[in-house]
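Data first, discussion second: the structure below is written as structure tokens.
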2 protein chains.
Amino acid sequence: MLTTQLSDARPAPLSLATPSPSGAAWQRQAKLWSSLKEVCDLLRIPAKLGTDDFQFQHMQFKAGQRIHTIGQPFDMLYVVNSGFLKTVMIDELGNEQVLGFPMKGDMFGIDGIHRKQYATETVALSNCDVILIPFKVFAGLGRSHPELEASIYAVMSRELVREQAMVGTLGSLSAEARVARFLVFLSERFSEMGYSGTQFNLRMTRQEIGNYLGLTLETVSRTFSAFNTIGLISVDQRAIVVHDLQSLRTLRRLPPSRVRAKAEAKAKPAAAAA
Amino acid sequence: MLTTQLSDARPAPLSLATPSPSGAAWQRQAKLWSSLKEVCDLLRIPAKLGTDDFQFQHMQFKAGQRIHTIGQPFDMLYVVNSGFLKTVMIDELGNEQVLGFPMKGDMFGIDGIHRKQYATETVALSNCDVILIPFKVFAGLGRSHPELEASIYAVMSRELVREQAMVGTLGSLSAEARVARFLVFLSERFSEMGYSGTQFNLRMTRQEIGNYLGLTLETVSRTFSAFNTIGLISVDQRAIVVHDLQSLRTLRRLPPSRVRAKAEAKAKPAAAAA
DNA sequence: CGAGTACTTGATGGTAGTCAAAATCAGTGG
DNA sequence: CCACTGATTTTGACTACCATCAAGTACTCG
């Protein structure tokens, strides 16, 4: 109901041999292989430079394509090199639950290790470039590169902490605070990736945001509008401009509407001037 | 405000040598050491029997004691051998968020790997027996016991999947459905541990349950009462008897109160007969 | 037995969900 | 290029669920 045209896409027969640029470009001038060092940098973990023995294959996905699906046998972890995705769980009644929006530097697919099949599915929200990490290789890195061992566990721990923070958000914050946090999160991620942290386009629908935050799409839309009228952000469809990141950071609950009327009166001329 | 008397407790000087029963019993006849095989069994992961080279120290905690605290330097993972605990996160305003109730066979402390300090704190809800796994030893097991490598990652993946399921629960279910799920979860865990799955005592307060489920303690109490009157369970303070596990499993939302009046009329004689 | 904590139950209000309709956007094919 | 279709977004009106406040009861433990 949500998604338009989904299509599966499995990697071409995977050879772990050295890069073979002759191997028929899957898509024009996309980077096809990355070294271990490059993957570590992407994941923001320290890597001893020099000994580049492993090469990891890239794969391109178009918006709407699935990277992996629920129940599919697990054999691969993924690292986002570029693009935006969403990871969803589907419950017994077929309801989707968005669990995250992997972007550059994020690893996904970790949930598949437990039962040797993926518990979630991940879909590209834009054209994406994803690095494939065969799990056997990943696990073996701890043996072949002992200095990486701790970092490997750290990457998995990071995902756990992320989910824990999400539970905290869902369990205790108001709708407005959740949306505010979401914007702060996006702002920070975009900054880290070298883009503007104050001006960006959402890659996901209100529906997906709401689902992720445990809200309805209407509530998300209304909250964006409210933030807009009090001057915290400007929003036009998917285009966001963040005016007051600090207020978003500390926002717990919007003042009640009669009080808000004053704030609007103050905010409007300011917005008009800008 | 929630907790009564908390006290820190650090392990006695930790020696990784062979068990020394002469080393002055920390508490009378508690098991002080476990082999690698025993720990694997506890964690429900396959372990090649035989070569028992590692021994892991146990530690006893009394109800109310903290096993680890937020910000404390991370060096240890924990596996519950017996007893009940809670893991909580504390946000910038000092609000607690209960993240889980570790019990027999659960590993906790994993969140500490990421930043080399614990992101959560874990408190004993009852007297507990906990196995200490020094992280360095844990991580090294992948090297020394390659057949364990996948299982080690699987244990971490399992925790991630658990949190993901929690996000799904918080994000999409009604109060009644959350409480129902919680009871099903407890029932299943008690069964697995060899206790009755239909008759057990809660080890946590309504406050803690509510916090865990993103509800208030009053809502939890009311929901228990509602389940009681329609005959799904019997509840008396902390004592629970599950009468209809299947209904709890599939419950999404309680029927509106006028319909419920009929169900009560039907349920009451049955409850009186029992 | 008394003090403090935990639990139950009731009354009330606010937050966010639901239903609905209109406006805007994206993509398609004529 | 533009009309057309379907998806997305906005906004409004209404409602239900659950939080809040409050009071009373039942446990627990020193």
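Numbered from 1 within each chain, the chains take letters A, B, ... in sequence-line order.
Between A/Phe108 and A/Tyr78, the ring-plane angle classifies as parallel under the 30° and 60° cut-offs. Aromatic ring pairs are classed by plane angle as parallel below 30°, tilted from 30° to 60° and perpendicular above 60°; the pair A/Phe84 and A/Phe190 is tilted.
Scanning all heavy atoms of the two residues, the minimum distance from B/Asn201 to B/Arg203 falls at O-NE, 3.1 Å.
Rounded to whole Å, atom P of D/dA19 lies 12 Å from atom CD of B/Gln207. D/dA19 atom P lies 11 Å from atom CD of B/Glu176, rounded to whole Å. A/Leu213 has its CG atom 13 Å from the C1' atom of C/dA16, to the nearest Å. Distance CG (A/Leu170) to P (C/dG17): 12 Å, rounded to an integer number of Å. Summarising the geometry, the separation between CD on B/Glu208 and C1' on C/dC7 is reported as 13 Å, rounded to the nearest angstrom. Following rounding to the nearest Å, A/Ile209 (CD1) and C/dG17 (P) show an atom-to-atom distance of 14 Å. The CZ atom of A/Arg178 sits 12 Å away from the C1' atom of C/dG17 (whole-angstrom rounding). The distance from atom CG of A/Leu173 to atom C1' of D/dA19 is 15 Å, rounded to the nearest whole Å.
Between B/Arg249 and B/Glu188 there is a salt bridge, since at least one side-chain N of the basic residue sits less than 4.0 Å from a carboxylate O of the acidic one. The pair B/Asp91-A/Arg252 counts as a salt bridge, with a side-chain nitrogen and a carboxylate oxygen less than 4.0 angstrom apart.
Note on A/Gly214: only backbone sugar-phosphate atoms sit closer than 4.0 angstrom, heavy atoms only; bases stay farther off.
A donor-acceptor contact shorter than 3.5 Å links the side chain of A/Ser187 to the backbone of A/Gly197.
Aromatic pair B/Tyr212/B/Phe101: centroids less than 6.0 angstrom apart.
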Could you run down the sub-3.5 Å N/O contacts of the protein with nucleotides 10-13 of chain D?
unit_1 : atom_1 : unit_2   : atom_2 : d
D/dT10 : OP1    : A/Arg206 : NH2    : 3.0
D/dT10 : OP2    : A/Arg206 : NE     : 2.7
D/dT10 : OP2    : A/Arg206 : NH2    : 3.2
D/dT10 : OP2    : A/Ser221 : OG     : 2.8
D/dT10 : O5'    : A/Ser221 : OG     : 3.3
D/dT11 : OP2    : A/Ser225 : OG     : 2.7
D/dG12 : N7     : A/Arg222 : NH1    : 2.9
D/dG12 : O6     : A/Arg222 : NH2    : 3.2
D/dA13 : N6     : A/Arg222 : NH2    : 3.4

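The bend of the helix from C/dC1-D/dG30 to C/dG30-D/dC1, defined by the angle between the axes of its first five and last five pairs, stands at 50° to the nearest 10°.
Note on residues 178-187 of chain B: pairs passing salt bridge (charged side-chain N to carboxylate O under 4.0 Å, His left out), not counting sequence neighbours, are A/Glu92-B/Arg181.
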Let me see the working for A/Asp106 and A/Arg189 under salt bridge (Lys or Arg N to Asp or Glu O under 4.0 Å), right down to the final yes or no.
CA-CA 11 Å; A/Asp106 288 330; A/Arg189 285 309 302 270; 3.1 Å; yes
